[in-house]
Amino acid sequence: MYILQVAALCATFSSLASAHGYLKYIEHAGKRYEAWQVGSDEYLTTVPTRYARRIKDMGPVADFTTKDITCNQGGNLPATGIIDVKAGDKVTLIWDQWGSSHSGPVMNYLAKCSPDCSTFKGDTGNVWVKIDQVSYDKSKATPWGSDCLAKNGAKWTVTIPPTIANGEYLLRHEILGLHVAGTRMGAQFYPSCTQIRVTGGGSENPTGIALPGSYNPDDKEGILTELWRIQQGQINYTAPGGPVWKGSVPNTMQC
Ligand SMILES: *[C@@H]1O[C@H](CO)[C@@H](O)[C@H](O)[C@H]1NC(C)=O
């Protein structure tokens, strides 16, 4: 017991000091759904229904060129729950916390689970469609997406594209922390995969990007870059993963 308490205490301090975080809840239509509860679910013999795939800890993905980048470092195991949503609905992703020292873009993708989310991993092929992104806009009071998320109480709201085809999807929500991105492989990706079932959609089945595969350690515009030089206007910034799909609804969060 004592050892567990010390471990919990250390985890608390390190999370405060380093401002890491993880997806804790998902909200949709006034209902709150639990994601994998890092730091407690791993000790349960029977884990209650969870709607996002297991995440190992609060840290970033250690090697973003591996399959750990797909749904984080938890084995990419199917979650037991799936959230029913209508195309065009808003979904809110809620973190345990997010500090302002880890600035960078926030990106959201959908991958259609084929044949369904009970077996789909999404770690091969161009399956990840970017549906939402807030990167860097120096004209805003809060220029970075991640700082916008922090300012909004560690929450992010994304709209499921109205014309996307019905079916089961992984909603991959991700923060990219750039505070040590000047070192090769220093960029800190914090992805999560929530399972949703979309109804009321259209006929669109867009092509996306591959994860792993599309995040290049030598991408000087988005990954191997320096936060302070971007903020001083010395270099421009382009988030990795390509542009947002044209069928997406622009983000409406106030920053
Ligand atoms: C950044 O992009 C803008 C717009 O395309 C351009 O005018 C500017 O020269 C670029 N700045 C740098 C440092 O490359």
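Counting convention: from 1, in listed order, for ligands and their atoms alike. This is a predicted model, so every value here is computed, not measured. All values below were derived from every heavy atom in this structure, side-chain atoms included, with hydrogens, water molecules and symmetry-related copies excluded.
- Atom 14 (O) of ligand 1 has as its closest protein heavy atom Asn236 ND2, 3.5 Å.
- For atom 4 (C) of ligand 1, no protein non-hydrogen atom is found at a distance below 4.0 Å.
- Of the N or O atoms in Gln234, none lie within a sub-3.5 Å distance of an N or O in ligand 1.
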| said: I'd like to know whether Thr92 forms a side chain to side chain donor-acceptor pair (under 3.5 Å) with Thr157, so could you lay out the CA-CA distance, the side-chain angles of the two residues, the decisive distance to 0.1 Å, and finally the verdict. | reply: CA-CA 4 Å; Thr92 298; Thr157 297; 2.8 Å; yes
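- Ion pair Asp41/Arg50 flagged as a salt bridge, since at least one NZ, NE, NH1 or NH2 atom sits closer than 4.0 Å to an Asp/Glu carboxylate oxygen.
- For atom 9 (O) of ligand 1, no protein heavy-atom neighbour is present inside the 4.0 Å cut-off.
- Using modelled atom types, one side-chain atom of Asn166 and one backbone atom of Gly201 make a donor-acceptor pair closer than 3.5 Å.
- Below 30°, between 30° and 60°, or above 60°: for Trp98 and Tyr190 the angle between ring planes is above 60°, a perpendicular geometry.
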